[in-house]
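When a residue number appears, it is its place in the shown sequence, counting from 1.
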Amino acid sequence: MSVSRVEVATITLPVVALLITFIPQVAIVSILLVAISAWPTLVGAAKGLARFRLTIDLYNILALVIALALQEFPSAAFIALMLASARLLEERTEARSHRAVEELLALKPLTARRESRGRVDEVDTQDIRMGDILLIGTGERIPADGLIVHGTALINEASVTGESLPKEKLIGDRVLASTIISAGAIKIRATLVGKDSTLERMAALIRDASRHKSKAEKIADKFAGYFLPIVGIAGVVLYYLTNNAQMVAAFFLVACADDIAVAIPLAITAALGRAAKRGVIVKGGARLLALASIDTLVLDKTGTLTYGDLRVERLDHDPSVTEFFIWECLAIAEKYSEHVIGRAVFREAVKRIGAVGDPERFQVYRGRGIWVHAKGHDILVGTPTLLTDSGITIPEGWASRDEHEFDPGLTSDFYVAVDGRCIGRVRIADIPRPAAKQSIEKLKELGIKNIIMFTGDQLRTAAAVAKSVGIDSYHPTMTPEDKEREIGQLALHGNVAMVGDGINDAPALARSTVGISMGMTGTAVAIEAADIILLADQLDRLPELVILARKTESIIQGNVWIWAISNLIGFAFVLTGIFGPALAAAYNFVTDFLPLANSSRLFRKDRVQ
């Protein structure tokens, strides 16, 4: 990373001030340089006082004033140098965040080909609207999030998810803005544009994360509120007992907490950067540190423990209707579904019957199904409970399974009713992720014993999936309201992390201590509600993240201990008369680098994995 002239000046001023303090004739110049270097800290202290708050800036300014008042110019220069270093670190961190956002947004194409009324025109991507039909060919970047309505393609999503292998995408599949078509050509219907696109949401998340301070980052100001009065009283008592102003000044200079002001944000910055390199966006240090102390982990089944890449295994229908009619009803009902089951059904339906029209009216029953009105029919697609609650009887042969039929328990049934009569049953199959079992085992090894699976599926399916991934506790047939309510109950007994990916999971994600969304391809609502986003659908990132969170917390606690112990040693030297103000300031400056070195351990890969 290049160093700007402003950054050079920020560090140079206090360094020059330190050097020239040893030349008595130009000491006044040193004072001016120190004052200029410390000006931003002085402004911060003044703002804190205006809000009747004792901040770390105020404490550091007082230490600086004491050094200048006693004409300990080298001490003042030492303090100014550390304060300048802290400010430089903060500015470089913010600049790094802005640069990451700029690089991300640079992936977005400037123009797109839009089809309208038989014509294809090149338009600015800012002019794309929801519902527009866009054409993308081999080697081109996709200009907006959307659904494929024609064609197939291999798409490289590395710029968004970090996954290097291209994925095959067919009609009905979702595609992401800025990803590249490696082979093939498609038409998509734009679904998320502008600020709502995945790319723009990622950029917003990175900006937001850089602005959120953690509890640990705020510890310096909280500490100042308690520590500053204690040190002040101790200084008064010390002067009363010794009548030695030099000793009191040295006492204050040893206690200067500029190292805490730098080391804790450095640890958070390093940890968030390491998480980002592993394809994880954390919305601020507070969210990461909260993960270090979770007692309970809740995982949604579909799309989290399983692939969520469902397939239609079987379709049964009433002899009075055609299979084509059933598929048409399913396609119309699930056309704009955000649920993984709905997307799988729509994809299969389009393969079989081609494009379909839009529903005229619809109503979503979260976690249970959907009702639409189309072509003069009322179509209800959903769970047995939804049909029963709607007064619709499910044929006896469909309500139970054939006892001789092989089924590992990883399939789910739902039903289709038209105009109040059940006319079809669809069986959906899902597959657990290979990494799920290993990840659960690793999380248990990390001490997270209370691991629970939530699902809207029936008991038989829930039990089979839970057993296959090594989870003992599971809750079947849950609605979004059930999930949120249960998270609330679990939170009464400790810190709860929830992992999910769909609209159904959003209330529970928001209610949990730490909400984690699986995949940037998850729904916008889930991503907004989550505190942490795993860009790639890789569950093995979760134990890695817990390890990182605990390592970060340990390092921050270590920094506080380093500061406390070094201060006690410094106080001993001051009280025994070994340190005067100059040596006290020098001691403070040298020991300042100990917590910085401790925080820097997070930049080393082998330290967190």
* To do: Give the C-alpha distance, both sets of side-chain angles, the deciding distance and a yes or no for side-chain contact (heavy atoms from CB on, under 4.5 Å) between Ile188 and Leu135.
  => CA-CA 7 Å; Ile188 69 169; Leu135 283 66; over 6 Å; no
Please report, to 0.1 Å, the donor-acceptor pairs under 3.5 Å made by any side chain of residues 485-496, with sequence neighbours excluded.
from: Arg485; atom 1: NH1; to: Asp482; atom 2: OD1; distance (Å): 2.9
from: Asn495; atom 1: ND2; to: Ser293; atom 2: O; distance (Å): 3.2
from: Asn495; atom 1: ND2; to: Ser293; atom 2: OG; distance (Å): 3.2

* Please step through side-chain contact (heavy atoms from CB on, under 4.5 Å) for the pair Leu387 and Cys422, ending with a clear verdict. => CA-CA 8 Å; Leu387 267 69; Cys422 183; 4.0 Å; yes
Could you check if a side-chain atom of [X] sits within less than 4.5 angstrom of a side-chain atom of [Y], using non-hydrogen atoms only?
{"X": "Asn156", "Y": "Thr179", "answer": "no"}
{"X": "Leu305", "Y": "Met453", "answer": "yes"}
{"X": "Asp472", "Y": "Ile451", "answer": "no"}
{"X": "Ile180", "Y": "Ile155", "answer": "no"}
{"X": "Leu297", "Y": "Ile452", "answer": "no"}
{"X": "Leu315", "Y": "Ile326", "answer": "yes"}

Please confirm whether the backbone N or O of [Y] pairs with a side-chain atom of [X], one donor and one acceptor, at under 3.5 Å?
{"X": "Glu334", "Y": "Ala331", "result": "no"}
{"X": "Thr125", "Y": "Pro109", "result": "yes"}
{"X": "Lys169", "Y": "Arg174", "result": "yes"}
{"X": "Thr138", "Y": "Gly184", "result": "yes"}
{"X": "Arg287", "Y": "Lys283", "result": "yes"}
{"X": "Ser390", "Y": "Ile392", "result": "no"}
{"X": "Asp531", "Y": "Gly515", "result": "yes"}

Is it true that atom [atom1] of [X] has more than 12 heavy atoms of other residues, nucleotides or ligands lying nearer than 6.0 Å?
{"X": "Tyr365", "atom1": "OH", "value": "yes"}
{"X": "Lys351", "atom1": "NZ", "value": "yes"}
{"X": "His317", "atom1": "NE2", "value": "yes"}

Minimum heavy-atom distance [X]-[Y], with the two atoms named:
{"X": "Arg550", "Y": "Ile448", "result": "NH2-CG1, 3.9 Å"}
{"X": "Gly376", "Y": "Asp419", "result": "O-OD1, 4.4 Å"}
{"X": "Pro476", "Y": "Ala462", "result": "CB-CB, 3.8 Å"}
{"X": "Ile294", "Y": "Ala290", "result": "CG2-O, 3.6 Å"}
{"X": "Ala463", "Y": "Tyr474", "result": "CB-OH, 3.4 Å"}
{"X": "Gly137", "Y": "Ile181", "result": "O-CB, 3.6 Å"}

* Residues two or more places apart in sequence or in another chain: which of them pass salt bridge (Lys or Arg N to Asp or Glu O under 4.0 Å) with Glu168? -> none
[X]: partners by side-chain contact (heavy atoms from CB on, under 4.5 Å), with sequence neighbours left out:
{"X": "His373", "result": "Glu360, Arg361, Trp371, Asp378"}
{"X": "Thr385", "result": "Arg368, Thr383, Asp389"}
{"X": "Ala275", "result": "Val280, Val282, Leu545, Leu548"}
{"X": "Ala190", "result": "Ile128, Leu134, Ala144, Val193"}

* Any pair counted as ring pair (Phe, Tyr, Trp, His ring centres under 6.0 Å), so long as it reaches residues 377-396, sequence neighbours left out -> Phe325-His377
* Determine which pairs satisfy ring pair (Phe, Tyr, Trp, His ring centres under 6.0 Å) with at least one residue from residues 174-193, sequence neighbours left out, and list them in order. => none
To the nearest 0.5 Å, what is the distance between [atom1] ([X]) and [atom2] ([Y])?
{"X": "Met498", "Y": "Ile532", "atom1": "CE", "atom2": "CD1", "answer": "14.0 Å"}
{"X": "Thr479", "Y": "Glu484", "atom1": "OG1", "atom2": "CD", "answer": "9.5 Å"}
{"X": "Tyr415", "Y": "Arg425", "atom1": "OH", "atom2": "CZ", "answer": "5.5 Å"}
{"X": "Asp121", "Y": "Ser116", "atom1": "CG", "atom2": "OG", "answer": "7.5 Å"}
{"X": "Asp318", "Y": "Ile423", "atom1": "CG", "atom2": "CD1", "answer": "7.5 Å"}
{"X": "Ile471", "Y": "Lys467", "atom1": "CD1", "atom2": "NZ", "answer": "14.5 Å"}

* Structure fact -> Applying ring pair (Phe, Tyr, Trp, His ring centres under 6.0 Å) to Phe454 and not counting sequence neighbours gives His475
* Structure fact -> residues 182-193 vs salt bridge (charged side-chain N to carboxylate O under 4.0 Å, His left out), sequence neighbours excluded, gives Glu115-Lys187
* **Of all pairs that satisfy salt bridge (charged side-chain N to carboxylate O under 4.0 Å, His left out), the ones with a partner from residues 123-137, not counting sequence neighbours** => Arg114-Asp132
* CA sep, side-chain torsions, deciding dist, call: Asp300, Lys483, side-chain contact (heavy atoms from CB on, under 4.5 Å) -> CA-CA 9 Å; Asp300 182 62; Lys483 293 178 182 179; 2.9 Å; yes
* To do: Scan for side chain to side chain donor-acceptor pair (under 3.5 Å) pairs involving residues 439-452, sequence neighbours excluded, and state none if there are none.
  => Thr296-Asn450
* State plainly whether the residues Asp316 and Arg314 are in salt-bridge range, i.e. N to O under 4.0 Å. => yes
* Audit row: Leu446, Ile547, side-chain contact (heavy atoms from CB on, under 4.5 Å) steps and yes/no -> CA-CA 8 Å; Leu446 292 172; Ile547 294 172; 3.9 Å; yes
